[in-house]
Amino acid sequence: MHDDGYDHTTVERRWQAAWDDASVYRTPDDVSDPTYVLGMYPYPSGEMHMGHVRNYTITDAYARFRRMCGDDVLHPMGWDAFGLPAENAAKERDTNPRDWTVDCIDRMRDQMEAMGFGYDWKREVTTCRPRYYKWNQWLFRRFAEADLVERRDAEVNWCPSCETVLADEQVEGGESPEGSHEGGAVELCWRCDTPVTERELEQWFLKITEYADELRGDIDELAGWPDSVRQMQRNWIGRQEGSRVPFEVSAASGASDGRGEGAESREFGEVDAFTTRLDTIHGATFFALAPDHPVSERLAEENDAVHEFVRHEADPEGDEPNGIETGLTATNPVTGEGLPVFVADFVLSEVGTGALYGVPAHDDRDHAFAEKMGLDVEPVVAPDADADAPDAEETAYTEDGVVVNSGEYSGLTSAEARERLTETIDGADVETVYRLRDWGISRQRYWGTPIPVVHCDDCGPVLVPEAELPVELPEFKNVTGNPLDAAEEWKSTTCPDCGADAERETDTMDTFVDSSWYFLRYVSPELADAPFDVDRANGWMPVDQYVGGIEHAVMHLLYSRFFQKVLADHEGLQHREPFENLLAQGMVQLEGEKMSKSKGNVVSPQAIVEEYGADTARLFIMQAAQPERDFDWSEEGVRSAYAFLTRLKATVETFAAGDVGADPRRADGDVAAGTAAYVDGEIDAAVAVATEEYDDLTFNTALREARDLVGTLRAYREYTAVDPAVFERGLAVALKLLAPVAPHVCEELWETLGREGFLVEADWPDVTADRETAERRRLLVENTREDVREISDVAGIDDPERVDVVVTPDWKHEALRVALESDADNLVGELMGREDIQRHGEAAADYAKDLQAEREALRKTLPPAAEHETLRAAAWLIEREFDAEVRVLRAEEAPEDVATTAEPGRPAIDIQE
RNA sequence: GCGAGGGUAGCCAAGCCGGGAAACGGCGGCGGACUCAAGAUCCGCUCCUGUAGAGGUCCGAGGGUUCAAAUCCCUUCCCUCGCACCA
C-alpha cells in the first residue's frame with residue numbers, strides 16, 4: 001500500500017472474489033444477441049505489459065458500461081498459445097513447450113484477474129489444446145473440400161547447418177554492404193550465424209486470393225473501422241485494373257546479337273504482359289521479363305550471360321534498374337513492330353504477369369532503363385488535344401492525355417484508347433491483378449497445429465479423415481531441426497485411402513490460422529461436434545467492438561475476414577464480416593518512446609498494481625488520452641489518479657458515517673436549497689455527458705466528467721450542510737460513472753453507501769438532462785463568475801461586502817428571441833414595432849440597436865426563468881469564493897442603472913465594497 | 001513518390017464532424033487559506049495591457065471563403081505510420 005492512500009490490495013482482492021463467487025461475468029448460452037466486446041487475445045508470454053493493460057482495460061470498461069446499460073454482454077478471453085517463443089524457451093530450459101505455455105497462461109490469467117478484468121472464464125479458449133486445434137484441422141479439411149487449399153513449391157529461408165526452415169523473424173543481420181549491387185543482403189541464422197539460403201519446399205497454401213475481390217470491396221462497408229486500417233488493407237490487397245496483352249516472343253529476324261549458345265528451338269510462344277497503360281502501347285520500345293519468369297529461366301539454362309545476370313547480377317532491392325538483352329524479339333500486337341526482349345531485375349514476377357512492355361516516354365522507371373540501355377523514347381500521349389507530343393527525352397510524361405502517333409487510335413483520350421485497344425487486340429482482355437498472394441500456412445515447427453495430411457507413395461498427399469481428428473502433437477523432442485521430423489513413431493502411419501505405409505505431414509500451421517476464427521469459438525467453446533454453433537454464432541456475431549494493436553491491421557484482421565467469408569459460403573454463417581467496430585489502440589510510451597526490454601524503459605504493470613492498485617492503473621491509463629492515441633506513462637498522472645480515488649473514498653466514507661458537513665453559518669434553508677439545486681443539476685449534466693462519451697469510447701472525457709462531479713460534491717460539502725438525498729445521489733452517480741474503469745473501489749464504496757446488490761450489476765443512471773442545456777448553464781455560471789472576478793480585480797476590490805447579480809428582464813429575452821427568428825432588414829424597426837418592447841423606451845431602442853449590430857452572432861440563451869434559477873443555484877460558488885453576501889435579483893428588484901446593463905446570458909453585476 | 005493520421009498556451013491534452021466566448025481538464029509554476037511546520041486538502045492566478053466585466057495578440061506557416069475561422073477551402077512546412085522499381 002502507498003502512504004496516504006487506501007488499502008487497495010484488500011479492496012481489490014475482496015471484490016474479485018465476490019464477483020467470481022457471483023459469476024457476474026457469465027454469459028449464458030441462451031441469450032439471443034449479446035453485445036460482443038472483444039480484445040485481441042494475447043500470446044501468453046507470462047508477463048502482462050502495459051499494452052495489454054490498456055487493451056483489456058478498454059474492452060473491460062466498455063463491457064462493464066454496456067452491462068450496466070442493461071445489455072447482455074459477451075466478454076471472453078483466451079490464449080494465442082502456439083508459436084515459436086514457447087519452442088525456443090523449452091529448448092533453452094530443457095522443458096517442453098506445453099508445460100512452459102500452460103505455466104505462462106496461469107501466470108497471465110492471475111495477472112488479468114488482479115487487474116479486475118471481468119471475463120467469462122468458462123469460455124476461455126486455448127489454441128494449443130487438442131480440443132481447439134482439432135478444429136483448425138477440421139477447417140483445413142473443409143477448406144480443402146471447397147478447393148481453397150493448394151500444395152505447391154514455395155521459397156523458404158533455410159539454414160543449411162541447422163537443417164531447418166527459418167521464419168523471417170529468425171533471419172538476422174541483413175545489412176547489405178554499402179555500394180554493393182550484387183548479392184543483396186547478408187542474412188544469417190539467428191542460432192548459428194550460418195548464411196541463410198533460399199530453398200524451394202512444397203508448402204500448403206490457403207487460397208485467399210479467391211476472395212481478393214470481396215475482401216477488397218467490402219473494406220468500403222467497414223464504417224466502424226479506422227481509415228488507417230482500411231487503407232492498410234487496401235494497400236496490402238493492392239488491386240490494379242488493367243489489361244493483359246499477349247506478345248509473340250521469338251528469336252526471329254536476325255535480332256540475335258550472337259550471344260545465343262545453340263540453335264535449338266527459339267520459339268517461346270505468347271508471353272502475356274500486364275499493363276494499366278495500354279494507351280501507350282504504340283510507344284513501346286522494349287519488352288522485359290522478370291529474372292524468375294519461366295522464359296528467363298529457360299533462357300538462363302542455355303545462355304551463360306542470361307544465367308550470370310539472373311543468378312548474380314539481378315538486384316531487385318537496388319535502386320538501379322539492371323537488365324540484360326536476350327537477343328529475342330517480342331512482337332508488338334498492335335504495330336507488328338519487333339521489340340528487343342530484356343531480362344530485367346525491376347520486373348517482379350509477383351506483380352502482374354512478370355512481364356511488361358516498356359514505354360520510356362510515359363513511365364519513369366522505363367525511362368530510366370531506356371536511358372541506361374540506350375533505347376528509343378517515342379512519345380505517344382499528349383497532355384491535351386491541341387498539344388504536340390511532349391518531349392520525353394529528359395523525363396517521362398506520365399499523365400493521361402490524348403493519344404498521338406498511334407495510327408487509327410490517335411485523337412482518343414487515354415481512357416478511350418485503353419478501352420478500344422483492349423477490345424481490338426487479339427487475345428487481350430481486361431484484367432484485375434492483386435498484390436495479395438495466397439497464404440502459405442506451412443511452418444516447419446513443432447509447436448503448432450499439425451497439418452492433417454498423410455503422404456502416401458501411391459496416393460500422394462491424403463487428408464486425414466474427420467473421424468481421426470485431431471492429429472495430436474507427439475511428445476516434444478529437443479533436437480536440431482523440426483522435432484516432428486524426429487518423431488519417427490508418430491510420423492509413421494498408414495494411408496487412409498489405400499492402407500499402405502505412409503508418413504504424416506510434419507509441417508504445422510501458421511498460428512494466424514488459430515486466430516482467424518477464435519472469436520467464433522467463444523460462442524460455444526465446449527462444442528464437441530463442430531468448431532462453433534452456427535445458429536448461436538449467427539445471433540451473437542459479428543463482434544460489436546473489437547480492440548487491439550495496430551500491428552494486426554493487416555494479417556490477423558485480413559485472415560479473419562477471409563475465414564469469416566469462407567465460413568459464410570460453406571458453413572452457413574450469416575455475416576460476411578467478423579468485426580463491426582474496430583478500435584486500434586495507441587501505445588503506452590515512456591518519454592515519447594515505445595517501451596521495450598532492450599531499451600530498459602519498461603514500466604511493469606505488476607509493480608504499479610502493487611503500489612497503487614489496479615483501479616489506479618486503469619484510471620490513469622483511461623484518462624490519459626483517447627484510446628487510439630499514443631500517450632506517455634507519467635508517474636505524476638498515476639499519483640494524481642490515486643489521490644483522486646483516495647479522496648473519493650474519504651468523501652463517501654465521511655458521508656456514510658453520518659457527517660453531512662454542518663456549518664451553522666450557512667445552514668439556512670434558502671442557500672442550502674439553492675446549492676442543492678445546483679448540485680442536482682450538475683449530477684444530471686455529468687450523466688448526460690459521460691454517457692455520451694462512454695458510448696463513443698472517449699473514456700478520457702467521460703472520466704473528466706466523473707472527476708468534476710466528485711469535485712463539485714466535495715466543494716458542496718465543504719461549503720454547507722448538504723442535503724443528504726442530493727449528496728447521496730451524487731455519490732451514487734459518481735460511483736456508477738467511474739465503475740467501468742475503477743470497479744473495485746467503486747464497488748467497495750457502493751457497499752459503504754449501504755446499497756443493495758453489486759454495483760457491477762447496477763443500472764446505469766438515466767440520462768435526464770439535455771447536454772446542450774446543461775452546457776449552456778455551465779457557461780452562464782462560469783462567465784458570471786469570471787466577470788465578478790474580473791470586475792473586482794480590475795476595480796481593485798479586495799474584499800467585497802456584497803455582490804448583486806441581476807438577471808435580465810424578460811423583455812430583453814423576448815427581443816433576443818424575436819431577433820433570432822427575424823429576417824427583416826430593419827431589426828430595430830421590427831423590435832420597436834412591438835408594444836411590449838417599445839414601452840421600455842430608450843433602453844429598448846439601445847438594446848435593439850445592439851441586437852442589430854451583432855445580429856449574425858446572436859445565440860440562443862437559457863430562457864429567463866432558467867437563467868434566474870441557474871444563477872440562484874450557483875450563487876454559493878460566488879459567495880464561497882469572495883466571502884461576500886450574494887444576491888441574485890430580478891431586474892425589477894434592482895436599481896435601474898445596474899439592471900440596464902444586463903443581457904440574456906450575461907447578468908448585470910454590482911459589487912459593493 | 002502514393003496514402004492515412006497528427007502539429008492547440010511551459011508540458012500533456014479537450015475543442016475541429018454540425019464556424020460565433022483567450023480556447024475544458026490535468027501536470028508544472030505562482031499567490032492565498034488551513035497547519036507550529038511539512039505533506040495532504042481547499043480557493044485563485046498562470047499571452048500582453050487595463051482602477052467595473054474592456055482592448056490587443058493567439059491554435060505549425062501563408063492565403064481564401066464568411067458578418068464571424070482553432071474549426072470550412074487551397075497552398076506550404078514539419079512529425080508519425082502504412083505502401084512502394086506495382087507495369
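Keep in mind that what you see is a predicted model, and the values were worked out from it rather than measured. Note on naming: letters A, B, ... go to the chains in the order of the sequence lines (proteins, then strands), and numbering restarts at 1 for each one.
Remark: C1' of rC81(B) and CG of D630(A) are 10 Å apart, rounded to the nearest angstrom.
Across all strands shown, rU41(B) pairs with rA33(B); the Watson-Crick or G-U wobble distances both stay below 3.5 Å. Base pairing analysis places rU8(B) opposite rG15(B); the two distances defining the Watson-Crick or G-U wobble pair are each below 3.5 Å. Nucleotide rC59(B) has no partner under the Watson-Crick or G-U criteria, as no pair reaches both atom distances under 3.5 Å. Nucleotide rG1(B) forms a pair with rC83(B), judged by Watson-Crick or G-U wobble geometry with both contacts under 3.5 Å. Using Watson-Crick or G-U wobble geometry with both donor-acceptor distances under 3.5 Å, rG20(B) finds its partner in rC67(B).
Note on V433(A): nothing from the nucleic acid sits closer than 4.0 angstrom, heavy atoms only.
Residue-to-nucleotide contacts include a donor-acceptor pair under 3.5 Å from the side chain of T901(A) to the base of rG53(B).
Distances shorter than 4.0 Å separate none of the side-chain N or O atoms of R789(A) from OP1 or OP2 on rG53(B).
rG20(B) and rC73(B) have their P atoms separated by 15 Å, given to the nearest Å. Taking the C1' atoms as reference points, rG7(B) lies 12 Å from rA70(B), given to the whole Å. One P atom belongs to rG3(B), the other to rG25(B), and the distance between them is 40 Å to the nearest Å.
Nearest to the side-chain atoms of Q231(A) among the listed nucleotides rC42(B), rG3(B), rG53(B) stands rG3(B).
RNA chain B is contacted by both A643(A) and A290(A); A643(A) maps to the nucleotide lying nearer its 5′ end (nearest heavy atom per residue).
Centroid-to-centroid, the aromatic rings of Y6(A) and Y642(A) come within less than 6.0 Å.
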